[in-house]
Amino acid sequence: MNYSAELKKFVTSQYVYSAIRITLATVLPCVVLAHFGILKDYFLFPLGTSFVALTDQPGPFIRRRNALAFAIICFVLVATTASLVMHVKFLVFAEIIVFGMFFSLIGVYGQRLAAVGSLSLVVLAIFIDGHLTGDNILKSLLIFASGCTWFLMIFLIVTTIQPYKLASQMIGENYLQLAEFLKIKADHYQKDPDFTRLTSQVIAKQIEIKNLQEETRETVFKTRTIVNESTTTSRLLMLMFLNSLDLHEKLMTSESDYQKLQKSFGDTGILVKIHNYLNLLAEEITNIGISLQIGTRAKSVHHLETELGSLNRDYFDLRNKSISPDNFENFMVLRQILMRINDITKEIREIYKVFSQDV
């Protein structure tokens, strides 16, 4: 495992980027309020910020914005209702039943709403006896609502300042997933592979990539709408996304009868060399994805032409030595695999050429 690449993938991901924004949005108000000695009186402000922040999950901008707005409405509504009826017991029981059922059931509409529902019930548990609101309920609710709105404002400001950041991170994540998919495909050529396990991994990864592509497509097009103009950066990101789709198509159509190949060429060593070269291609795709997430230009980390030339020479040497009428068809299949590998290598070179151009 390349621990350096894995660390870069984690550090540059949108998860870490979101975590930093959430931390700063929650901690900064606490520092300011503590400086003026009023943190105890205004504790509901960072509390509301943290609750709304916990509902922010990576994904398209529109869905994130709508989820945050819906979370604010739910939290303020629950807090207000709980504060107003806390002295009327039968209304307290009624709100527990109604809110409990509603916020539990909305989780069926997705992970975002599940997070909103769960945290709404936490807000209900906190405000149900009024120990945080005190005597001045209106003031406490306004502070809590201000804290909830504060995170939404931070989210919108950061998105306006860096409109392409989310799109580039999601496109980079597409390349990272394609690299993992290629590594799974490469394992079919290793010595004595577990085909049942690999087939399950391929299917699971295809589903994951397809879902990510749908979210990325929405993010890219919505980002171009938000910016309201076609800039060089937006065109470059769009081209990189389209290239990732082309690369995905090439990887998807590179299926073969791997068990037959193992029986025919398992002892020759050529399949292991194919496995090693495909892992090099996966490292190149990973490098492209990390560079997209960071926002820097990608440079090739391997001499692909040299490695590909060596692989082709090994194939032709093996063919010249071992080809016969009995295994001619098997060599044709192996040749088709090498042709697809050449196409994938050419696609990666084109991606590097696009990515490294002068903006």
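All heavy atoms count here, side chains included; hydrogens, waters and symmetry mates do not.
- Counting all heavy atoms, side chain and backbone alike, T268 lies closest to I270 at OG1-CG2, 3.1 Å.
- Between D187 and R197, none of the side-chain N atoms (NZ, or NE/NH1/NH2) sits under 4.0 Å from a carboxylate O, so this pair counts as no salt bridge.
- A salt bridge is defined here as a Lys NZ or Arg NE, NH1 or NH2 lying under 4.0 Å from an Asp or Glu carboxylate O, and K205 with E208 meets this definition.
- Among residue pairs with one or both ends in residues 190-217, none qualify as ring pair (Phe, Tyr, Trp, His ring centres under 6.0 Å); sequence neighbours excluded.
- Evaluated for a side-chain contact (heavy atoms from CB on, under 4.5 Å) with F181, the options Q177, K185, K183 yield exactly one hit, K185.
- Aromatic pair F265/F331: ring centres closer than 6.0 Å.
- Closest approach of Y175 and G289 over heavy atoms only: CB-CA, 3.7 Å.
- E95 places no side-chain N or O within donor-acceptor distance of the main-chain N or O of M86, the cut-off being under 3.5 Å.
- Pairing each heavy atom of L292 with each of G172, the nearest pair is CB-CA, 3.8 Å.
- At a threshold of 4.5 Å between non-hydrogen side-chain atoms, the residues I341 and T345 count as touching.
- Between F328 and R319 the shortest side-chain heavy-atom distance does not fall below 4.5 Å.
- Within the 3.5 Å criterion, the main-chain N or O of K165 finds a donor-acceptor partner in the side chain of S168.
- Counting only heavy atoms from C-beta outward, the side chains of E350 and N243 never approach each other to under 4.5 Å.
- By the 4.5 Å heavy-atom criterion applied to side chains, E173 and E215 are not counted as neighbours.
- Contact between A67 and R112 at its shortest, heavy atoms only, is CB-CD, 4.3 Å.
- The cluster map of Ile, Leu, Val, Met, Phe, Trp and Tyr, joined by side-chain heavy atoms under 4.5 Å apart, puts I96 and L105 in different clusters.
- Across all their heavy atoms, P46 and L33 have their closest contact at CD-CD1, 4.2 Å.
- At least one side-chain heavy atom of F36 sits less than 4.5 Å from a side-chain heavy atom of V32.
- With S118 contributing its side chain and A115 its backbone, the two residues share no donor-acceptor pair below 3.5 Å.
- Note on ring orientation: taking the six-membered ring where Trp is involved, the planes of W150 and F45 are tilted (angle from 30° to 60°).
- Looking only at distances, no side-chain donor or acceptor of S310 sits under 3.5 Å from a matching main-chain atom of T306.
- The main-chain N or O of A179 is never found under 3.5 Å from a side-chain atom of E284 such that the two would form a donor-acceptor pair.
- Between L311 and E307, the closest side-chain pair of non-hydrogen atoms is not below 4.5 Å.
- L166 has its side chain within reach of R64: a pair of non-hydrogen atoms, C-beta onward, lies under 4.5 Å apart.
- Under the 3.5 Å distance criterion, the side-chain polar atoms of T49 are matched with a main-chain donor or acceptor of G147.
- Among all heavy-atom pairs drawn from L178 and S244, the shortest one is CD1-O, 3.5 Å.
- Cluster annotation: M238 is connected to Y164 through the hydrophobic network of ILVMFWY side chains, with a link wherever side-chain heavy atoms come within less than 4.5 Å.
- Between K273 and D314, at least one side-chain nitrogen of the basic residue sits less than 4.0 Å from a carboxylate oxygen of the acidic one, meeting the salt-bridge criterion.
- Between the side chain of N287 and the backbone N or O of E283 there is no donor-acceptor pair closer than 3.5 Å.
- M240 places a side-chain heavy atom less than 4.5 Å from the side chain of I288.
- In this structure, the side chain of N279 engages the main chain of H275 through a donor-acceptor pair within 3.5 Å.
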